[in-house]
S.K.: 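To start, I am sharing the structure in question, which I have written as structure tokens.
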Amino acid sequence: RDNMATYEPKTDDYELRAYKVYDCKVDPDQNDKSTEIKLCTFKRPHMRAFHCSWWTFFVAFFIWFAIAPLMPEIKKTLGLTGQQAWTS
């Protein structure tokens, strides 16, 4: 935990809490739900999943639409007819 700020709840009643120390600010009145989102970090599994999902969506979107300009070359290289290229 390099430079990650930690937050300790002000109460001594730790038995009702999931953790004694949190990596982000939490609201004790709402079952210690986080009050901030650190988007530019890969340290927490939630943010790793978030970044991996948007990145893979972008790659899939890019690849899906990148095939259209290459279709004449693909058609020529594979020797496809117009109908085969259309239904592939």
Side-chain angles (χ1 to χ4, degrees):
R1 299 187 184 186
D2 316 43
N3 56 4
M4 187 177 281
T6 59
Y7 172 76
E8 288 192 50
K10 297 192 180 351
T11 179
D12 291 334
D13 188 13
Y14 291 119
E15 295 171 5
L16 300 176
R17 302 187 178 283
Y19 302 99
K20 291 184 180 181
V21 178
Y22 293 92
D23 290 333
C24 55
K25 294 178 183 174
V26 297
D27 185 3
D29 297 330
Q30 294 185 1
N31 289 334
D32 294 341
K33 290 183 181 176
S34 179
T35 59
E36 64 183 1
I37 297 174
K38 297 179 181 179
L39 285 177
C40 299
T41 181
F42 274 86
K43 292 186 179 188
R44 303 199 64 196
H46 306 86
M47 295 314 295
R48 283 194 299 267
F50 170 74
H51 288 301
C52 289
S53 66
W54 77 259
W55 179 248
T56 54
F57 175 77
F58 172 76
V59 169
F61 185 84
F62 186 77
I63 289 171
W64 182 263
F65 288 103
I67 196 73
L70 298 173
M71 202 57 187
E73 183 63 30
I74 293 170
K75 185 177 168 183
K76 185 175 94 176
T77 303
L78 296 178
L80 300 175
T81 65
Q83 181 63 30
Q84 289 173 327
W86 183 255
T87 58
S88 63

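We number each residue from 1, following the sequence as shown.
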S.K.: Answer yes if Leu70 and Leu80 sit in the same cluster of Ile, Leu, Val, Met, Phe, Trp and Tyr residues linked by side chain heavy atoms under 4.5 Å apart, and no otherwise.
M.R.: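 Yes.
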S.K.: Scan residues 69-88 for pairs that pass ring-ring contact (aromatic ring centres under 6.0 Å, His included), counting only residues two or more places apart or in two chains.
M.R.: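 As it turns out, there is no ring-ring contact (aromatic ring centres under 6.0 Å, His included) pair with a partner in residues 69-88 once direct neighbours are skipped.
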S.K.: At their closest point, which heavy atom of Glu36 faces which heavy atom of Lys25, and how far apart are they?
M.R.: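 Smallest heavy-atom distance, with atoms named: OE2-N, 3.1 Å.
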S.K.: Of all heavy-atom pairs between Lys75 and Ala85, which one has the smallest distance, and what is that distance?
M.R.: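 That would be CD-CB, 4.1 Å.
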S.K.: Who passes ring-ring contact (aromatic ring centres under 6.0 Å, His included) against Trp55, sequence neighbours left out?
M.R.: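 Testing Trp55 for ring-ring contact (aromatic ring centres under 6.0 Å, His included), a comparison that skips the adjacent residues, returns Phe58.
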S.K.: Does one hydrophobic cluster hold both Phe61 and Trp54, with members joined at side-chain heavy-atom distances below 4.5 Å?
M.R.: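 Not linked; separate clusters.
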S.K.: Under 3.5 Å, side chain of Gln84 to main-chain N/O of Thr81, donor-acceptor pair present?
M.R.: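 Answer holds: yes.
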S.K.: Taking atom SG of Cys52 and atom CE of Met47, what is their separation to the nearest 0.5 Å?
M.R.: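 Atom-to-atom, Cys52:SG and Met47:CE are 11.0 Å apart.
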S.K.: Is the backbone N or O of Asp27 less than 3.5 Å from a side-chain atom of Thr35, with the two atoms forming a donor-acceptor pair by type?
M.R.: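 Between the backbone of Asp27 and the side chain of Thr35 there is no qualifying donor-acceptor contact (under 3.5 Å).
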S.K.: Among all residues two or more places apart in sequence or in another chain, which pass the side chain to side chain donor-acceptor pair (under 3.5 Å) test with His46?
M.R.: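 Side chain to side chain donor-acceptor pair (under 3.5 Å) list for His46, sorted by chain: empty.
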